[in-house]
Amino acid sequence: MYDDQRPVYLHFLDRELGKSVDFQVTARLVEQLLKLLSLTCSATFYCGISVIWENPALDADCRRFMALLGETDVLDAVSYSGTVEEFYESRQRLYAHDAQRYPLYFVGGPDGLRAIRATLHKPQDTTSALLGDLEAWAAGLRPHAESGSTTATALQVTEAALRARAGEAITYSFFHPFLLRAGGTSPDVGAIRRQISLAYSRHYLGFADGDIVTGVKGLSFFDGQLSTSFPLYDVPLLFLLLDVAGLSPLVEQPWLARRTFWDPFLGGLRDADEYRIGATVRTILETAHRQLPPAVRGGSQYAARTRIASLIRQARHDVGTLSPQPLPLCQENGGSIAVPAAEALLATARASLEAIAALLRSGPSGIGHPEYGKGRGGPVDNVADPKGGHAAQAGHRQPGGRPRLLLLTATQVETKCVLDTFAQVLGPREKPLFGEHTTYFRLGEAHGCDIYLAQSEAGSSGPGGSILTAYDAFRFLDPALVVMVGIAFGAKPGEQQVGDILVSRQVVAYESQRVGGHGTPHRLVPRGDRVSASPRLLDRCRTVDIDWHLSTVHFGLLLSGEKLIDSADYLDQVAAQFGHEAVGGEMEGAGLYAAAYRQRKEWIVVKAISDWADGKKHERKLERQHLAATRAAQFVAALVTGGGLAPGLAQAGATVERDDIRPPRAERVATDGDTAGFGSTDRESASS
């Protein structure tokens, strides 16, 4: 059974990224990380071919191991160029102003680069991607990763340098002269360096829908910024599990000393079902993460890592798999490979890990507990009548089951951002459920509510619009609460920013109008009702806003209509009909409230601003939509995990203990120069 894991982007190989946080990678650390990932993940690894060629820290043995990973399809090197010669010549053009830092492109020719060849073609060149990302950052369209130290000087220098650029590579060396002329300080240098590294990494992550490893000492600044599958690729936790399984010497000792293991492992044992341990590792980490309190899951990675490590150590103690005996060094015998020894080693390791996984699953919150799954509601518990009728009404829950919260989206980017965000907070989602017309994703459980997600088409009307999608979902799931989450346009650009949250105090269908008068322009008289959202959901959103720090939250009137508005004049005409009170607008809210009114469901619309409906939607469209959809998803995740939607809360005398949920913060990098080895589950060099 194969895991559905994202490929791992090897960001730690990027020397420019390391310099931005005073991190110096070593050949030993690179080899250890690659061996650790090879043993514990079924995913492939990838990086730009340039970060391998340009990294002076990689010694001959490390490069030989990377070449072996490439030959066995474990590691892919990515290039925009079709041949080594094309790549070499493009580097000479880009680095003509910085040849001293990149001597390999100016001495010796391209033949020296052929030891490790690119295996994947990337359709977009990195420079253009960096250019767009940094322009958005300088213009304020991308949030600052470190708002406390990002100065106006750094932003102004970035904007001025990009305007003056004449084809140079976008590295810090390019910005350095501009920064000197502007009198830039160390915080300015650091902010620009880190933003370049973030842009570079985001480009490669987006290329392959990849993820990064977390927990590498010295790189914690990037963990919260870039990782999406924590704790599945967390280095300290993976190393702990290998130690439990008796495989840690394979990571700690040079691969050449263990070649009798690595050759057969990479040659086929890694992909053999009977020897793969990656699925068991993933089960352990997912189960342990799911058992953490919501406040810990939604907090810093350090807090979650520490708690997960404690669960693993306790499970190891309980099953009796105490510290394994050191592995004897395997000696090659006449050049033959000790395949049986490697097979036995992996089989023993897998058995140890499966014992840990079984114990964790049988814990109070584990998925193997006898009570787990009983009365959980959902399709397995007769969500809807098999004949297609309404679900049984029992206080918005099935007999013995939990109440349900439904999230509705209308675009793929909204859906993907909700899925990714809730996977971080509630753990990996379950397999989709297929209704008659709509697919439903069960995202997890929080404070006694089962959370589901469904996607409609854009707009309220039509066969797949929000009205009918919501109506079908009400019949299939019978949710108690409904939240429309996604992207919207802002109506007050002078007071709002891309990524700001819009919460519907009221929604109005602006296209319900009376058109009157003689000649042109016609006189438009609004006839749609202003419908108020659920007071309870509105109150809970205000509660989330108290601790919300990622963007500004605007409560107010939302315009809703079928038109995709991208005209400042038309928007002004529509907004004027409602006294310019509206904070923004979208296309599905009117359909949601129409369906919810008929079925007596509590509802609210929570969306984030991606544009201003001013004729410029196409400018950095994907980037702005992704930012807005992510912010809206994070706000709703805080709403869901905050405890205010718990069942029975509205009953007289009911009390619910509230967990303080805050959106994850990026962990700051330490400045003590500690750059060695893996992270630690007992001590962290960064604070959240």
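Keep in mind that this is a model prediction, so the values were computed, not measured.
The two residues L502 and G584 have their closest heavy-atom pair at CD1-CA, 3.9 Å. Among all heavy-atom pairs drawn from R536 and L645, the shortest one is NH1-CA, 4.3 Å. When all heavy atoms of V498 and S610 are compared, the pair lying nearest together is CG2-O, 4.2 Å. Between Y46 and G210, the closest heavy-atom pair is OH-CA, 3.6 Å. Closest heavy-atom contact between E445 and G448: OE2-N, 2.8 Å. Between A633 and C417, the shortest heavy-atom distance links the atoms CB-O, 3.8 Å.
Here the side chains of H11 and V213 are in contact, with some heavy-atom distance below 4.5 Å. D133 places a side-chain heavy atom less than 4.5 Å from the side chain of R202. The closest side-chain heavy-atom distance from D478 to K601 is below 4.5 Å. Two residues are said to be in side-chain contact when any heavy atoms from C-beta on lie closer than 4.5 Å; Q599 and R475 fail this criterion. When side chains are defined from C-beta on, F230 does not count as touching Q424, because their heavy atoms never get closer than 4.5 Å. The side-chain heavy atoms of S20 and F222, taken from C-beta on, include a pair separated by under 4.5 Å. The closest side-chain heavy-atom distance from P479 to F474 is below 4.5 Å. Contact annotation: the side chain of L537 never approaches that of V503 to less than 4.5 Å [non-hydrogen atoms, C-beta and beyond].
Between the side chain of Q496 and the backbone N or O of A491 there is at least one donor-acceptor pair closer than 3.5 Å. Distance alone, capped at 3.5 Å, places no donor-acceptor pair between the H447 side chain and the V640 backbone. For S534 (side chain) and W603 (main-chain N/O), no donor-acceptor pair under 3.5 Å exists by modelled atom type. S128 places a side-chain N or O within 3.5 Å of a backbone atom of D125 that can act as its donor or acceptor partner.
One distance of note links OG of S456 with CE of M484; it measures 5.5 Å at 0.5 Å rounding. Here L550 contributes atom CG and R631 contributes atom CZ; the two are 4.5 Å apart, rounded to the nearest 0.5 Å. Rounded to the nearest 0.5 Å, atoms CD1 (I487) and OG1 (T411) are 5.0 Å apart. Once rounded to the nearest 0.5 Å, the distance linking CZ of F422 with CD of Q634 reads 10.5 Å. Atom CG of L17 is separated from atom CZ of F221 by 9.0 Å, given to the nearest 0.5 angstrom. Atom CD1 of I196 and atom CH2 of W137 lie 8.5 Å apart (nearest 0.5 Å).
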side-chain contact (heavy atoms from CB on, under 4.5 Å) for K492 and D500? Distances and angles first, verdict last. CA-CA 11 Å; K492 300 178 182 294; D500 280 4; over 6 Å; no
Taking it one step at a time, do L559 and V508 satisfy side-chain contact (heavy atoms from CB on, under 4.5 Å)? CA-CA 5 Å; L559 306 172; V508 62; 3.7 Å; yes
Run L205 and L226 through side-chain contact (heavy atoms from CB on, under 4.5 Å) and show every step you take. CA-CA 8 Å; L205 289 171; L226 300 174; 4.0 Å; yes
Stepwise, does the side-chain contact (heavy atoms from CB on, under 4.5 Å) test hold for S201 with I212? CA-CA 9 Å; S201 299; I212 65 165; 5.9 Å; no
Tell me, with the steps shown, if F441 and Y452 meet ring pair (Phe, Tyr, Trp, His ring centres under 6.0 Å). CA-CA 5 Å; F441 297 94; Y452 288 87; over 10 Å; no
Please determine whether salt bridge (charged side-chain N to carboxylate O under 4.0 Å, His left out) holds for the pair K607 and E588, giving the CA-CA distance in whole Å, both sets of side-chain angles, and the decisive distance to 0.1 Å. CA-CA 11 Å; K607 297 194 174 185; E588 296 79 31; 2.7 Å; yes
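With respect to V418, the side-chain contact (heavy atoms from CB on, under 4.5 Å) criterion is satisfied by exactly one of V636, L443, L408, T630: L443.
A side-chain N or O of T409 and one of T415 form a donor-acceptor pair less than 3.5 Å apart. Using modelled atom types, one finds a donor on one side chain and an acceptor on the other under 3.5 Å when comparing H203 with K122. Using modelled atom types, one finds a donor on one side chain and an acceptor on the other under 3.5 Å when comparing Q301 with S227. No side-chain N or O of D223 forms a donor-acceptor pair with one of S220 less than 3.5 Å apart.
Ring orientation note: the planes of Y204 and F207 are nearly perpendicular, at an angle over 60° on the 30°/60° scale.
For R540 and E602, the salt-bridge test fails: no basic side-chain N is under 4.0 Å from an acidic carboxylate O. Salt-bridge annotation for D450 and R442: present, with a side-chain N of the basic residue lying under 4.0 Å from a carboxylate O of the acidic one. With salt bridges taken as basic N to acidic carboxylate O contacts below 4.0 Å, none links D420 and R429.
Partners of T228 by side-chain hydrogen bond (donor to acceptor under 3.5 Å, both in side chains), not counting sequence neighbours, listed by chain and number: R6, D211. The side-chain hydrogen bond (donor to acceptor under 3.5 Å, both in side chains) test applied to S551 returns W548, not counting sequence neighbours.
Atom NZ of K416 is surrounded by 12 or fewer heavy atoms from other residues, nucleotides or ligands within 6.0 Å. Atom CD of Q497 sits in a sparse spot, with 12 or fewer heavy atoms from other residues, nucleotides or ligands closer than 6.0 Å. Counting heavy-atom neighbours within 6.0 Å of E457 CD, excluding the residue itself, gives a total of 12 or less.
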